[in-house]
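What follows is a short report on a single structure.
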Amino acid sequence: MRDRHLKYLLMMPALLLVTATVIYPLGYAGIISFMDWRLSRSRVPTDFVFLDNFWRAFFDDPSFLNSLTVTATFVTGSALGAVVFGLLIALLLARRGRGYSIARTVLVLPFAMSPALQGTSFRFFLNPEFGIFDAVLDALFPFLAHVDWLGSSGWAMTWLILTDMWHWGPFLSLMLIGGLLSIPSDTLEASRVDGASAWTSFWTIVLPQLMPVLAIAFVLKTIFSFKMFDYVYLLTGGGPGESTSTMTYYAFRMGFTAYDMGYASAIAFVLALLLVGVSAVYFRLLFPRGEAG
Amino acid sequence: MALSPRRRGHILFCLRGIAIAVLLAVLLGPIAWIFLTSIKPLSDVYTMTLFFDPTLENFRAIFERPFYVGDRLLNSVAISGLTVVIGVPVALAAAYSFSRFAMRFKKTLFFGVLATQFVPPIVVVLPFFLMFRQLHLLDTWTGMVWINLSIVLPFAIWMLKGFIDTIPVEMEEAAMTDGATRLRVIRDIVLPVTIPGVFVAGIFCFIFSWNDFLYALILTKKEAVTLPVVLSTFYTEEGDRWELMAATGTFILLPMFAISYFVQRHFVHGATQGSDR
């Protein structure tokens with residue numbers, strides 16, 4: 001039957017493109033990470049140095065070790081933060097009715113907004129002299145009036161996480177609203193008749209039912225948090241000092257301001273391996289024993 | 001416990017209302033503030049005032065030397081548009097194949113395609129920079145469309161496969177017993193029902209490539225610069241030109257407004273379908 005050829009033919013363009021756009025570059029990056037290649041000095045790789053770049057990263061570069069800690073802080077904070085924020089939004093807006101469906105339209109906007117634009121504008125909003133966020137926060141919390149939000153390392157990281165939450169929370173909530181609305185209403189009704197408070201039924205019925213969606217949202221968000229670049233570049237510039245310099249940002253700096261291609265590739269590769277490791281653990285937890293398909 | 005259930009209901013209703021209002025203010029406020037800033041005269045840009053004479057001066061300024069936002073806008077539209085036009089049909093063909101045919105290693109292959117999404121863009125962009133340098137594709141539409149396909153394809157395949165999976169296969173089988181060829185079945189039966197899914201996948205692909213910053217920052221320089229990258233050029237030596245960023249930002253945001261309506265519908269429609277049974 002002709003389907004035998006057709007099924008591969010239909011798939012071929014996509015597989016070729018995916019290979020050309022991801023798998024081939026990945027292999028290429030792997031090879032470069034074993035090379036000494038400073039673009040400022042040479043147009044071609046100069047030396048095969050085997051594991052030198054990786055050795056330098058882990059034993060000879062405090063900035064790299066710092067980027068590991070920064071990445072861990074950001075990923076944990078933003079993944080947890082965005083999922084919790086998304087859950088709160090979902091609990092507020094998971095109702096039927098015209099007003100609610102209009103409100104839900106708004107939820108797409110932060111996600112559809114370019115992260116680059118969000119980074120630049122939030123930077124202005126946080127300016128201590130003429131920023132709108134700064135003005136509002138100073139009015140609400142006078143004891144924080146003296147804070148230079150992006151000038152202190154703790155606050156810069158906090159705002160990096162909050163900026164990311166603003167982008168992702170509403171989007172994740174759309175996933176969660178789907179889950180919430182599909183909880184049969186008679187189950188909730190029954191528990192109310194039995195005298196359970198809203199608080200109890202949240203913990204005993206809603207949360208357990210929502211767990212699968214919450215878990216997937218958390219895994220997805222973790223992966224995207226590892227990949228985040230735009231906010232660091234435009235909101236904090238990795239600073240103050242190196243307090244928000246994530247691995248992605250550090251690899252970028254090594255590659256495109258220091259033009260050290262070999263070292264940058266090595267860092268990027270460590271990041272990729274880390275991501276593979278983390279996702280493998282997650283998927284093992286999510287789909288125990290090969291239920292993945 | 002002194003409150004009657006009815007009073008309690010009222011209070012809860014009010015609290016919910018306040019919470020929703022705060023939420024909407026937090027989500028919409030920043031976007032509204034960007035719009036407002038874009039039409040403020042320079043003298044009011046660095047103040048909190050809500051009362052000012054609206055002006056289009058900032059928009060005039062960004063289209064002129066040295067920013068040329070008009071050219072960048074064209075680049076953004078062309079690159080995102082081409083990415084969608086190439087990416088979606090390619091993804092649709094693959095998605096159909098993944099959904100309908102049995103083959104060896106299908107699961108592994110499908111998971112492999114999805115797994116490419118876990119690869120951080122910074123890993124991909126370094127070799128691309130070096131490759132494009134040799135192929136003379138730096139700073140071109142071709143190069144940008146190529147790399148944008150890497151963001152878009154796996155996602156679109158996954159989304160479209162899910163969509164095709166929900167279409168009953170019986171109609172196709174019936175048509176084929178009547179002697180129609182597979183390609184004809186795809187064109188006449190599958191394609192018409194898949195249009196809404198194709199539309200949503202197209203929208204998502206457009207958003208992703210429209211908002212891409214990292215690839216454009218590294219792989220473009222002058223000719224193929226896109227809108228998000230222009231934003232970083234407003235951190236100038238004479239200071240940060242916030243009003244010009246806001247005006248450019250307005251152009252970045254406009255298509256997203258049109259789009260967000262459809263995206264929301266897709267999500268909630270898909271979600272509520274199951275529960276209304």
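Side-chain atoms of B/Ser76 come within 3.5 Å of backbone N or O of B/Leu227 as a donor-acceptor pair. Here the side chain of B/Ser150 pairs no donor or acceptor atom with the backbone of B/Trp146 at under 3.5 angstrom. A donor-acceptor contact shorter than 3.5 Å is absent between the side chain of A/Asp134 and the backbone of A/Phe125. Although no hydrogens or angles enter the test, the distance criterion places a donor-acceptor pair under 3.5 Å between the side chain of A/Thr248 and the main chain of A/Phe226. Side chain of B/Arg16 to main chain of A/Leu92: a donor-acceptor pair is present (N/O by atom type, distance under 3.5 Å, no hydrogens or angles). Although no hydrogens or angles enter the test, the distance criterion places no donor-acceptor pair under 3.5 Å between the side chain of A/Asp260 and the main chain of A/Met254. Checked by atom type and distance alone, the side chain of B/Thr250 pairs as donor or acceptor with a backbone atom of B/Ala246 at under 3.5 Å. The backbone N or O of A/Thr71 lies less than 3.5 Å from no partner atom in the side chain of A/Thr246, so there is not a single donor-acceptor pair.
Taking 4.5 Å as the limit, some side-chain heavy atom of B/Ile151 sits within range of a side-chain heavy atom of B/Asn148. Side-chain contact between B/Phe213 and B/Thr226 is absent, with no heavy-atom pair separated by less than 4.5 Å.
A/Tyr250 does not touch chain B: none of its heavy atoms, backbone or side chain, sits under 4.5 Å away. Of the atoms belonging to B/Leu24, it is side-chain heavy atoms, and not backbone ones, that fall under 4.5 Å from chain A. For A/Tyr233, the part sitting under 4.5 Å from any heavy atom of chain B is the side chain, from C-beta outward, and nothing else. Contact of A/Leu275 with chain B is made through the side chain alone, with heavy-atom distances under 4.5 Å. Only the side chain of B/Ile31 comes within less than 4.5 Å of a heavy atom in chain A; its backbone stays farther off. With a 4.5 angstrom heavy-atom cutoff, A/Leu234 touches chain B via backbone and side-chain atoms both. Only the side chain of B/Ile157 comes within less than 4.5 Å of a heavy atom in chain A; its backbone stays farther off. Contact annotation for A/Leu15: only side-chain heavy atoms (C-beta onward) come within less than 4.5 Å of a heavy atom of chain B. Contacts between A/Pro170 and chain B at a heavy-atom distance below 4.5 Å involve the side chain alone, from C-beta outward. If you measure heavy-atom distances from A/Ile132 to chain B, the contacts under 4.5 Å come from both the backbone and the side chain. If you measure heavy-atom distances from A/Phe252 to chain B, the contacts under 4.5 Å come from both the backbone and the side chain. Contacts between A/Ala135 and chain B at a heavy-atom distance below 4.5 Å involve the side chain alone, from C-beta outward. Only the side chain of A/Ser279 comes within contact range of chain B, with at least one heavy atom under 4.5 Å from a heavy atom of that chain. For chain B, no part of A/Tyr249 is nearby; none of its heavy atoms comes within less than 4.5 Å.
When B/Leu92, B/Thr37, B/Asp212, B/Leu217 are compared by the number of non-hydrogen pairs under 4.5 Å with chain A, B/Leu217 comes out ahead. Taking A/Val18, A/Leu91, A/Thr120 one by one and counting their heavy-atom pairs under 4.5 Å with chain B, the maximum is reached by A/Thr120. If you tally non-hydrogen atom pairs under 4.5 Å between each of B/Val26, B/Ile252, B/Thr248 and chain A, the highest count goes to B/Val26. Highest contact tally toward chain A, considering only B/Ala94, B/Pro30, B/Pro255, B/Pro154, is held by B/Pro30 [criterion: heavy-atom pairs under 4.5 Å]. Interface check for chain B: of the options A/Leu26, A/Asn127, A/Leu109, A/Leu17, the most heavy-atom pairs under 4.5 Å are formed by A/Leu109. Residue with the most contacts toward chain B among A/Gly30, A/Ala112, A/Ser33, A/Ala272: A/Ala112 (heavy-atom pairs, distance under 4.5 Å). Counting heavy-atom pairs closer than 4.5 Å to chain B, the top residue among A/Ser114, A/Ala29, A/Ala14 is A/Ser114. Per-residue counts of heavy-atom pairs under 4.5 Å with chain B were compared for A/Met12, A/Arg123, A/Gln118; the largest is that of A/Arg123. Interface remark: of the candidates B/Trp33, B/Phe129, B/Tyr96, B/Phe208, B/Trp33 forms the most heavy-atom pairs closer than 4.5 Å to chain A. No other option in B/Pro127, B/Gly87, B/Ala95 has as many heavy-atom pairs under 4.5 Å with chain A as B/Pro127.
A distance of 6.0 Å separates CZ in A/Phe229 from CD1 in B/Ile218, rounded to the nearest 0.5 Å.
If you check the side chains of B/Asp165 and B/Ser99, you find a donor sitting under 3.5 Å from an acceptor.
The side-chain tip of A/Lys221 does not point at the ring of A/Phe224 from less than 6.0 angstrom away and within 45° of straight on.
Atom CZ of B/Arg184 has 12 or fewer heavy atoms from other residues, nucleotides or ligands within 6.0 Å.
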